[in-house]
Amino acid sequence: QVQLVESGGGLVQAGGSLRLSCVASRSIASIPTLVWYRKAPGKSREWIASITDGGKTNYIESVKGRFTISRDNAKETVYLQMNTLKPEDTAVYYCNVWPPQVWGQGTQVTVSS
């Protein structure tokens, strides 16, 4: 199993940007799909973006055009660039493989209106 540690969250005003990072405990080059999820207060954890080892990306509709997932295999890191943030993006953000394994602590993103 691979362990993943998220960072980069914080408090930002609506319209602002954040870049989340997710560092793996081992090489991610052989991991077919990496995923960012989020869990908002009172809601279930949801898949929001994924990237394959070939670089193919997919996004949930609500973040398309605003969020960008990327991976740097050399740095064993997955990123989530989040632009034009909205209050409804407030959540704890997690990264994981697909299918998901052990969950990390996540990183809190709070967007104020």
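Model, not experiment: these values are computed from the prediction. Hydrogens, waters and symmetry mates play no part in the numbers below; they use all other heavy atoms, side chains included.
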Could I get the full list of side chain to side chain donor-acceptor pair (under 3.5 Å) partners for [X], not counting sequence neighbours?
| X | value |
| --- | --- |
| Asn83 | Ser17, Gln81 |
| Gln13 | none |
| Lys64 | Glu61 |
| Ser70 | none |

Report task. Could you tell me whether Gln105 atom CD has more than 12 heavy atoms of other residues or ligands within 6.0 Å of it? Result -> no

Assigning hydrophobic clusters by single linkage (Ile, Leu, Val, Met, Phe, Trp, Tyr; side-chain heavy-atom cutoff under 4.5 Å), is [X] placed with [Y]?
| X | Y | answer |
| --- | --- | --- |
| Tyr59 | Ile51 | yes |
| Ile60 | Val92 | yes |
| Met82 | Val35 | yes |
| Val5 | Trp98 | no |

Of the non-hydrogen atoms in [X] and [Y], which two are nearest, and what is the gap between them?
| X | Y | answer |
| --- | --- | --- |
| Asp72 | Ile28 | O-CD1, 4.1 Å |
| Leu34 | Ile69 | O-CD1, 3.9 Å |
| Ile48 | Val63 | O-CG2, 3.8 Å |

First locate atom [atom1] of [X], then atom [atom2] of [Y], and finally report the distance between them rounded to the nearest 0.5 Å.
| X | Y | atom1 | atom2 | result |
| --- | --- | --- | --- | --- |
| Ser7 | Arg19 | OG | CZ | 10.0 Å |
| Leu80 | Leu18 | CG | CG | 9.5 Å |
| Glu88 | Ser62 | CD | OG | 8.5 Å |
| Leu4 | Ile31 | CG | CD1 | 6.5 Å |

**Report entry** Parallel, tilted or perpendicular, as decided by the 30° and 60° cut-offs, for the rings of Tyr37 and Trp103
**Finding:** perpendicular

Query raised in the report: Taking Trp36 for the side chain and Tyr79 for the main chain, is one N or O donor matched with an acceptor at less than 3.5 Å?
Result: yes

Query raised in the report: Counting N and O atoms only, with roles assigned by atom type, does the side chain of Glu6 sit under 3.5 Å from a partner on the main chain of Tyr94, one being a donor and the other an acceptor?
Result: no

Requested in this report: Just jot down the side-chain contact (heavy atoms from CB on, under 4.5 Å) partners of Val111, sequence neighbours excluded, or say none.
Outcome: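 Expected list: Val12, Ala14, Leu85, Pro87, Asp89, Thr90, Val109.
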
Query raised in the report: Please, which pairs that meet side-chain hydrogen bond (donor to acceptor under 3.5 Å, both in side chains) have at least one residue in residues 43-58, sequence neighbours excluded?
Result: Arg38-Glu46

